[in-house]
> 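Here it is, the structure, as structure tokens.
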Number of protein chains: 4
Amino acid sequence: MKDKKLSRREREKLRQRQEMLAAALELFSEKGYHNVSMHEIAERAEFAIGTLYKFFKNKEDLYKSLIKEQADRFHEALTKALEEADDEREKLRNYVKAKGSVFIENAPVIRLYFAETRGASFNIKAGLDSEIRERYERFLHTLALVFESGIKRKRFQKIAEPYQLAVALDSICNAFLFLWLEDPKSHPYPEDPDIILNILFKGLLND
Amino acid sequence: MKDKKLSRREREKLRQRQEMLAAALELFSEKGYHNVSMHEIAERAEFAIGTLYKFFKNKEDLYKSLIKEQADRFHEALTKALEEADDEREKLRNYVKAKGSVFIENAPVIRLYFAETRGASFNIKAGLDSEIRERYERFLHTLALVFESGIKRKRFQKIAEPYQLAVALDSICNAFLFLWLEDPKSHPYPEDPDIILNILFKGLLND
Amino acid sequence: MKDKKLSRREREKLRQRQEMLAAALELFSEKGYHNVSMHEIAERAEFAIGTLYKFFKNKEDLYKSLIKEQADRFHEALTKALEEADDEREKLRNYVKAKGSVFIENAPVIRLYFAETRGASFNIKAGLDSEIRERYERFLHTLALVFESGIKRKRFQKIAEPYQLAVALDSICNAFLFLWLEDPKSHPYPEDPDIILNILFKGLLND
Amino acid sequence: MKDKKLSRREREKLRQRQEMLAAALELFSEKGYHNVSMHEIAERAEFAIGTLYKFFKNKEDLYKSLIKEQADRFHEALTKALEEADDEREKLRNYVKAKGSVFIENAPVIRLYFAETRGASFNIKAGLDSEIRERYERFLHTLALVFESGIKRKRFQKIAEPYQLAVALDSICNAFLFLWLEDPKSHPYPEDPDIILNILFKGLLND
DNA sequence: GATGAATGAGTTTTCATTCAT
DNA sequence: GATGAATGAAAACTCATTCAT
């Protein structure tokens, strides 16, 4: 509702901000935080350097804003995926599919995102990540609730703690996405979510 | 064999090199590649800056050497773990245990290692990682062979491609190690490797 | 006369100008020329930056106008003090009193004023001060005339050239004002002008 | 003694430092702190900018060192002048002469020095001056002791507090030096110190 | 006429790397 | 062979000024 009430001026500002963030995203994913200069970002975005500093108080602020915005979008999409089914198994299927499509659509950000959630955020002094990490943590707990509910309702066996299962599933998805990222042709992200889920669902052991 | 033939001079050189790498490792893990200067490394290692450049042609070379050396140690230990049993399940147990102990003993490097294998190596221009990645890839194939053999020998069900299973197992271990890294107390890495392996071994589904 | 003929428009303009100068004065005395930005001045004066530039063609012009205006007020008050008595000694008493009260009432400007008349006007490129200095020089000559007249009328001994005496008296007043500026409590500016004048009037030597 | 024990390396360093300070002094006195860039100083001193930063941790540090060094030299010379006579009047004569010669020999610094002791040190954030001011204050007290002793020994009349007399004498000297600074030809600093001292010594009044 | 968004030259500072001693 | 002083390119950031609305 209120989003519509933006004045032309405000809409213009928002558009500029998006252009700056887009340019920064491109450059950061290409070269990494420390190998991109503010001048480069300004140039790519086709703004003067001073204008960049009108929108973001410094380089770190720009980076933070970028990461936070993307993380928000991802978590929103994934959380929504978990809500769009009643059946726990279906929720997980939705999640695996959503994770794939969201990430594949946003390939350039993935590396940045991983650098901040898991992996080493050496890009930036410190403390930046805490907010992102926390958000990620919260999502893992939401995912764990699906496993917990499935176990309570006797649909799943309790082969591990729900949180551990959430971590396991998420990390497997990430791993597949990395394979895809590095070589999309020989390692496509599975269309059928069950290919991933079966790693958890079907026991490996023949007994 | 030939390793033993090092002259005193050569042994001394090697020792110096190790000291430099150790100092660099400490600093890089504390502050990240871009927040560490060559001067700092030289000072911590108690060598002159010029001497550092006698051993490594530039900062990137130093970093690469460091990461490569550590990655070698890790992969050696993990590969050895896979060889120290005949039974496939036992191999995997060894692997999960070895991964845990090696990483936990080398906590400071883990972040750097992850940044380079999985995750985003933005630290360095580009191309650095290719060698490390390749080495990692090779290891995953070795791990995959264990699954393949287990499947061929009908000990494991083929719930996914062996390579995918390798990726899945490794990523779950990584995920558990991250949890431990962030909060060792509430997320200890399981003593019993079956806790991790069961996620693959026991199917989740009740049917 | 012609001052009264200002149209409402003109009076309004003058008021705005005064507000801008007042804001600038506050900021310059607080932080010094180079540590104050035009934006800051505009903000404090509650005008848009563009409006500021309608009134003053650049930062230096604003500063010059400010200093000139204040210097005018000071010199006017001091010149008037010299005129308000017939007796030379009384003139000097008036001057010492006026200098004290004018400066103390305008404490914030004093430092700026000193920086420009005596002391180092490093604030601004160069040449700014010439006008101010000249005005100050003119005043010193006016003050020297009082000494000259006193000497001619045999009221004063000619212990030095009139101009030198003027310089001496003025510098002693300044010195006392500095003492007061730095620590008003332990160094009050003397109520009784003779305390300062006696330094010239009574010879120090016992003979 | 120990000054002689400087190694060639140390002497070389000291010489470089002096060259840098000399270049900085020239530029600061020509254009003022804020109108001089570190690049300019480096260029004038014929060093690379990085070398400048090896000697001074930042621009402010360079400025402080410069001012402090000069202030030290001045105060040393003036204090020594006060010690080189037993008779109070002779001490003051020495002081007036020393002040003249020291300042005239160091004309370029005078403005900077005044800016920091009396006058408006807006050049630098804050706190810089406190040290210089304190040193100046100490000197004034030393000068006041001469007046005090002269008064106690009945050589001087107590026409004002000793500290006030010190302030007065110093400010008169400063004023004469300013006249000289602005126009050396028409306002030479008096060869004969009594010309200045008589302003205090001989009473102005004919009675 | 007033506004304030946009500009970009210019500033301080860091640090990888070289090379004379 | 080791040293560390010297280098200078390049980075982040500021702010006086302009000009389209």
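We name chains A, B, ... by the order of the sequence lines, and we start the count at 1 in each one. The figures that follow rest on heavy atoms only: side chains count, while hydrogens, waters and symmetry mates do not.
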> Which heavy atom in B:I41 sits nearest to a heavy atom in B:A23, and how many Å separate them?
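The answer is O-CB, 4.0 Å.
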
> Quick check for you: to the nearest 0.5 Å, what is the distance between A:Q16 atom CD and A:L52 atom CG?
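Reported to 0.5 Å precision, the distance equals 11.0 Å.
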
> Can you name the nearest heavy-atom pair linking A:E19 to A:A45, along with the distance?
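Distance-wise, the nearest heavy atoms are O-CB, 4.0 Å.
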
> Let me know the distance between CD of A:E60 and C1' of F:dC13, rounded to the nearest Å.
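Roughly 14 Å, once rounded to whole Å.
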
> List for me each residue that meets side-chain hydrogen bond (donor to acceptor under 3.5 Å, both in side chains) alongside C:K13, sequence neighbours excluded, and say none if there are none.
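Checked C:K13 against side-chain hydrogen bond (donor to acceptor under 3.5 Å, both in side chains); zero matches.
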
> Identify, with sequence neighbours excluded, every residue that meets side-chain hydrogen bond (donor to acceptor under 3.5 Å, both in side chains) alongside B:E12.
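Only B:R15 meet the side-chain hydrogen bond (donor to acceptor under 3.5 Å, both in side chains) criterion with B:E12.
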
> Figure out the CZ/C1' separation between D:F56 and E:dT14, and round it to whole Å.
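After rounding, the gap between these two atoms is 18 Å.
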
> With distance as the sole test, does C:K59 use its side chain to make a donor-acceptor pair with the main-chain N or O of C:Y33 at under 3.5 Å?
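A pair under 3.5 Å: yes.
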
> Within less than 4.0 Å of OP1 or OP2 of E:dA6, is there a side-chain N or O belonging to A:Q16?
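Yes, such a contact exists.
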
> Only counting residues at least two apart or in another chain, list the ones meeting side-chain hydrogen bond (donor to acceptor under 3.5 Å, both in side chains) with A:R73.
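Testing A:R73 for side-chain hydrogen bond (donor to acceptor under 3.5 Å, both in side chains), a comparison that skips the adjacent residues, returns A:Q70, A:N106.
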
> Should stems be defined as at least three consecutive Watson-Crick or G-U pairs with both distances under 3.5 angstrom, which of them involve DNA chain F?
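Paired runs of 3+ in DNA chain F: E:2-21 with F:2-21.
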
> side-chain contact (heavy atoms from CB on, under 4.5 Å) with D:T51: which residues, sequence neighbours excluded?
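With sequence neighbours excluded, D:T51 shows a side-chain contact (heavy atoms from CB on, under 4.5 Å) to D:M20, D:F47, D:A48, D:F55, given in chain and number order.
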
> Would you list the protein and nucleotides 8-12 of chain E atom pairs, both N or O, that sit under 3.5 Å from each other?
from, atom 1, to, atom 2, distance (Å)
E:dG8, N7, A:G50, N, 3.3
E:dT12, OP1, D:V36, O, 3.4
E:dT12, OP1, D:K59, NZ, 2.6
E:dT12, OP2, D:M38, N, 2.9

